[in-house]
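Worksheet for the structure shown next.
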Amino acid sequence: MNYQNTLDFARQQDNIDPLKHFRQRFFIPLVDGKESIYFNGNSLGLQPKTTAQYIQQELDDWARYGGEGHFHAKNPWVSYHEIFPQQLSKIVGALPEEVVVMNQLTVNLHLLMATFYQPTKDRYKILCEAKAFPSDQYALESQVRFHGYRPEDAIIEVAPREGENIIRTEDILQQIEQHKDSLALVLFGGVNYYSGQVFDIAGITAAAHAAGIYAGFDLAHATGNIALELHNWEVDFASWCSYKYLNSGPGGVSGVFIHERHITNRSLPRFAGWWGHRKELRFLMDKGFDPIPTAEGWQLSNAPILLMAAHKASLDIFDEAGMQDLVAKSKKMSGYLHFVLNEINRHLSRKVVEVITPGKEAERGCQVSLLMLEKGKEVFNALMKAGVIADWREPNVIRIAPVPLYNRFEDVWQFGKIIEEVLGNKK
Ligand SMILES: *Cc1c(COP(=O)(O)O)cnc(C)c1O
């Protein structure tokens, strides 16, 4: 692709973008009365204009039917969540029976570890990425403590090498091999929230399986962002939240993947609840847990319908746009962003911006993390003042995620222009 760092070029790309109409389906936050350049979709995705309608439908049916809405609402609540596996399986590359929507992400990581982290005297360690999202670190720490181990001993973190920003796949695979006799589980991210690095999910899973252990993934920053093939990659389990790239609202419901080979295995331990019990028997209220033979067998509680309505509003948009086209646009737009940032360094004849996200297309999604080598905070403040909504992380890192559903090439061009103006200013 031959990119140009001009407004004309950016607008032309927006004009020929087959997904351009989707932007109008979202509320774009205003800054000083004008549409912001919203680059925070990796943190909280924007609200579809249809979300209120979907929620209102359920409020109306609740008003109209009361408890009878479980069976007589337009979308009966007992089975409301059953539409999600169809939609999400296309987004994460799974069979529908491998997917369920329930709870929140950290809760699900614990539930999945109840099943897939079964430490023994010799094999009790968990291998994960260094600088994982804090909630994941706390979940792992508390799990190993719960089983009577010490985190310092039981958690192995794979870090970037000295002077590097991203974790080398060869180092992850080597550590799995090195610790294979003491490991019980590999639990990695799909995309690191800080660097934006996409991990080799298939490779890590294969290495874990070669070591005789399970491989699970936290896909909070991967789902709805990069192309996933969880079933074919043989991933044992995964979970993600719906409020980042999946635009389903603050605190939205989480999704879970459990591979086909595990879903009917009744000997796997799990924490059970009535919503995981066989549907045809659920209302008999009998003793003895009899799990649904799909990922739904891990559900505990009846479904939070209002959150699920918000999720449905968003997933209907994903269905319409299609993950393949979204990923294609995302790659093109993030390629453009990398180009624009390089141009800044070139124009100013010195390196002012260092991209810490991997440059290789296969190793990144929408998100790009920039290490600002000059006037970091000043640049960030100028961006905010100009209506760019981005994320600042100490020390001197700006994270942005141009997402294919509602961002434009023009947004990317504007972003570069503001940075160059601040740094090119001699004053
Ligand atoms: C966003 C995020 C979370 C948040 O967890 P919740 O339980 O949904 O609050 C956890 N882990 C990762 C990697 C995340 O990116």
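Only this structure's heavy atoms are used, side chains among them; waters, hydrogens and symmetry mates stay out. Just so you know, ligand 1 is whichever comes first in the structure, and atom 1 is the first atom listed for that ligand.
In this structure, the side chain of D14 engages the main chain of E410 through a donor-acceptor pair within 3.5 Å. A distance-only check finds a donor-acceptor pair linking the side chain of Q137 to the backbone of A132 [under 3.5 Å].
For atom 3 (C) of ligand 1, the nearest protein heavy atom (residue, atom name, distance) is F133 CE2, 3.4 Å.
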(request) Please assess V397 against Y194 for the test side chain to side chain contact (heavy atoms under 4.5 Å, CB included), listing each intermediate value before the final yes or no. (result) CA-CA 9 Å; V397 170; Y194 182 77; 3.2 Å; yes
(request) Could you please spell out the steps behind the side-chain hydrogen bond (donor to acceptor under 3.5 Å, both in side chains) verdict for E296 and H81? (result) CA-CA 10 Å; E296 277 195 54; H81 61 285; 3.2 Å; yes
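Checking only distances, Q104 never comes within under 3.5 Å of ligand 1, N or O to N or O. The shortest N or O to N or O distance between K244 and ligand 1 is under 3.5 Å. Polar contact with ligand 1: present for D136 (N/O pair, distance under 3.5 Å).
In summary, D290 and R266 engage in a salt bridge, as defined by a charged side-chain N under 4.0 Å from a carboxylate O.
Residue contacts with ligand 1 for T106 involve both N, CA, C or O and side-chain atoms from C-beta outward (heavy atoms, distance under 4.0 Å).
Ring geometry, F133 versus Y193: the interplanar angle exceeds 60°, so the pair is classed perpendicular (tilted spans 30 to 60°).
Using a 4.0 Å cut-off to heavy atoms of Y243, the atoms of ligand 1 that qualify are 1 (C), 4 (C), 5 (O), 6 (P), 8 (O), 9 (O). Within the listing of ligand 1, atoms 15 (O) sit less than 4.0 angstrom from a heavy atom of H221. Near A220, with a cut-off below 4.0 Å to any heavy atom, the atoms of ligand 1 are 2 (C), 12 (C), 13 (C), 14 (C), 15 (O).
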